[in-house]
Chemist: 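What follows is a structure written as C-alpha cells; I'll ask about it next.
Numbered from 1 within each chain, the chains take letters A, B, ... in sequence-line order.
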Amino acid sequence: MSNLSLSTLYNQTSLRFIKTFIIWLPGAVVALLWLFPLYWMLNTSVKPDRLIMAGVDLIPTEITWEHYRTVVADTPVIRWFVNSIVTSVCVVAGSLVLGSLTGFALARMHFPGRTVIFWLLISSLMIPPEMSIVPLFIGVLRLEVQDSFISLIVPPLASVFPVYLYRQFFLSFPRELEDAAAIDGCSRLGTFMRVALPLARPATLAGAILIFTSNWNSFLWPLLVAFKTEWKTLPVGMAFYTRLDIQGTSTQSGYGEAMAAVAIVALPTLIFFLILQRYFIEGVTQVGIKG
Amino acid sequence: MTHLADRAAPDGWLSRLSRIRYRGRRVDWQAYLFILPFALIFIVITLLPIFFGIYISFNEWGIVGDPEWVGLDNFREAMQDDWIPKVWGNTFQMAALVVPGTVLVALLMALWINREQWLSGPIRTAFFAPHVVAITVTAIIWIWIFEKETGLLNLALYGIGIPKQGWLTTSKWVIQSISLVTIWQAVGFHMVILLAGLKEIPAELGEAAVIDGASAWQAFWRITLPLLTPALGLVITLEIISAFRIFGQVYLMTGGGPGGHSATIVSYIYHEGFVRFRLGFAAALSLLLFLTILLFTLLRARLVREHSN
C-alpha cells in the first residue's frame, strides 16, 4: 500500500518535472540563441587564430590575450576609453543634478506654469533628435568646440529622461515628510537636499545606470563632433574594425581582433548590467508603467 | 502683540510677492530657481535648435561661406530626388519588419516569463543583455555572423543543405538582415516594459474568466490584451520612432549598400549633411523625417482609439 502511494507520488513528481521541462525548453533555447552572439564575441576574442580558422568550437581549448594586445597596439584605445569614461561620468553627474532639481519642482512645488512646462518637456520627446542635429553641429563649428569635451558633454545634458524619472518618483512621496521638514525649519532647498534626495536613492541609481549606458553607447553625435582621432569615443573609434572583410573573402584573419575590439566596448556596460540588473529593470519599468 | 507687528511690518515688494496666490495656494517662487538650470540647457540645446533647424532648411548652407536664402528649393529638390523614395522605401520596409517583429517576440516572451517564475530571471537577462551594448558591438558581431564564406549563419544553414547567401551583400537579403539585428537588440527593453504592464493585471481576472468557461485563448484576447493596451501602445510608439531612426547598424554594416538597397532616411541625412556638407538640404530632410514619424504615431494612436471603441 505504502509502496504504491510512493510510486504514485514519484510518478506525479516526475510528470510535473517533465511538464515544466517541456514548457520551458523552447524558451530556454530561444534565450540561449539570443545570448549566443555575445558569447561568441567573447569566445572568439580569446581564441588563437589557428583555432578560429579550424572551425566552430563552443568552448575554446586554448586561451590567448594576443588579440587584445594587438588592438591596444593598433589603436589609441586608452585615449578613447578615457574620452568615453569622462564624457559618460560628467553627463551622469550633470543630468542627475539638473533632473532632480527640475523633477522636484515639477512634482512638489506650487507655481504657475508647472503643467505647461511638464507637457512641453514630454511633447519634445516626440521630436526626433535628428531635427536638432544640423543646427547643433553648426553651433559647434561656430563656437569652435569640435574635438572637445564641451561638444561631447553639453548636448546630452538636455535629456528629458532624468527630469521625468525624478518627477515620477517625487510624486509618490508622502506630503507629511515635507511638512515635518518645514516644521523643523528646513527651507525648500534644505528639504530637497536633506529629505527628498536621500530618499530618492533608487531613482538616482536607476537614472545613473541608464544615463551612463546610453551615453557610453551613443554613436551619431560623437561621430559628428570628433574630427580628430584622439577625440573619438570608444564606440566611434572601434568602428575602425568594420573595414575588415565585409565582402566575404575566405580568410578569417582579423576576426579575433575585431571581437577583442568590440569586447572592450561591450564589457563595461555588460558587467555593469549583470551586477546592477535590478536597477536597470526598475528604471525601464518606471518609464513603462507610469508613462 | 510683537508677533502681529512682525508680520505686518515688512511691506516691501518681496513680501507682497510671497503673498501672491495661484489657485488658492501661495506661489512657490523658488521653484523657478530649481527649474532654471535645466530650462536654460533645454532651451539652448533642444528648443532653439528645432526652430533654427527649420530656418536652416530654407537656406543653402555649406560648411564654408555664407548661407543663402533659397525659400522652398530644398523641399522642391527633395520631391525630385531619386534617393528620397528609395531611402524612405527602405526605411518603411525595415519598420514593417522591425516593429511587428520586436513587439511580437517581446510580447510572447513577456507573457511566458510572467506565467512561470522559474528561470524567468536568467531569460530576462539573456534578452536584455544585447540592449546594453553599443551599436558598434552589435554591428561588428553580426558582420561576422553574416559573413558569406565562413560566417556562422551560412555554416549552420549549409549544414542543413541551404546554399550560402550574401546576407549583407545582396539586395535580396540586406533589409531582412539589418532588421534581424535591430530586433535582436531591441526586444529586451520592450519585454521589460510589457512585463511591468502584465504585473499590473491581477491574476484573478484571468482565472475568474477561465472558471466562467472561457478558454485560455479567449481570456488572453478579452482580458489580458485589452488591459495591456497602454503598455503595448507605448512599446509600439517607441518602436516606430526608433525604427524610423535606424542609422548606426546601416552605417557600420553596409554603408547603405549594396547599391543603396539598405540606405535609410537617417543615413541619407548623414550623407548629405555631414559627408557632402549640404546642411540646408539635410535640415529639410530632418523636417520631413519628423513629419513622417508624427504621421505614423498619430495613426497608431487613432487605430488604438478606434479599436477600443
Chemist: Find the one option among B:Phe52, B:Tyr32, B:Phe127, B:Phe42 whose heavy-atom pairs under 4.5 Å with chain A are most numerous.
Modeler: B:Phe127
Chemist: Quick check, are the ring centers of A:Phe111 and B:Tyr22 under 6.0 angstrom apart?
Modeler: no
Chemist: Under 4.5 Å, counting heavy-atom pairs only, tell me which of B:Leu36, B:Val235, B:Val137 racks up the most with chain A.
Modeler: B:Val137
Chemist: Using a 3.5 Å distance criterion without hydrogens, assess whether the side chain of B:Trp144 forms a donor-acceptor pair with backbone atoms of A:Tyr255.
Modeler: no
Chemist: Report which part of A:Pro156 has an atom under 4.5 Å of a heavy atom belonging to chain B: side chain, backbone, both, or neither.
Modeler: neither
Chemist: Would you sort out whether A:Val236 and B:Thr136 count as a side-chain contact (heavy atoms from CB on, under 4.5 Å), showing the intermediate values?
Modeler: CA-CA 7 Å; A:Val236 175; B:Thr136 316; over 6 Å; no
Chemist: Among A:Thr213, A:Val265, A:Ile133, A:Leu121, which residue forms the greatest number of heavy-atom pairs with chain B at distances under 4.5 Å?
Modeler: A:Leu121
Chemist: Chain A: which of B:Ile43, B:Thr46, B:Val266 shares the most heavy-atom pairs with it under 4.5 Å?
Modeler: B:Val266
Chemist: Taking A:Leu33, A:Ile138, A:Ile264 one by one, which has the highest count of heavy-atom pairs under 4.5 Å against chain B?
Modeler: A:Ile138
Chemist: Under 4.5 Å heavy-atom distance to chain B, tell me which part of A:Leu267 shows up: side chain, backbone, both or neither.
Modeler: neither
Chemist: Tell me whether the rings of A:Phe137 and B:Phe274 are parallel (<30°), tilted (30 to 60°) or perpendicular (>60°).
Modeler: perpendicular
Chemist: Salt bridge (Lys or Arg N to Asp or Glu O under 4.0 Å): which pairs involve residues 95-106 of chain A, sequence neighbours left out?
Modeler: none
Chemist: With side-chain contact (heavy atoms from CB on, under 4.5 Å) as the test, would you mind laying out the steps for A:Val134 and B:Trp61 before giving the verdict?
Modeler: CA-CA 10 Å; A:Val134 170; B:Trp61 201 304; over 6 Å; no
Chemist: Test of understanding: with side-chain hydrogen bond (donor to acceptor under 3.5 Å, both in side chains), list the residues that count as partners of A:Tyr166, not counting sequence neighbours.
Modeler: A:Thr204
Chemist: Counting only N and O atoms by type, is there a donor-acceptor contact under 3.5 Å from the side chain of B:Trp112 to the main-chain atoms of A:Gly27?
Modeler: no
Chemist: Within the 4.5 Å heavy-atom criterion, are B:Val133 and A:Asn217 side-chain neighbours or not?
Modeler: no
Chemist: What part of A:Arg278 gets within 4.5 angstrom of chain B, counting heavy atoms only: side chain, backbone, both, or neither?
Modeler: neither
Chemist: Of the backbone (N, CA, C, O) and the side chain (C-beta and beyond), which part of A:Ile127 lies under 4.5 Å from a heavy atom of chain B, both, or neither?
Modeler: both
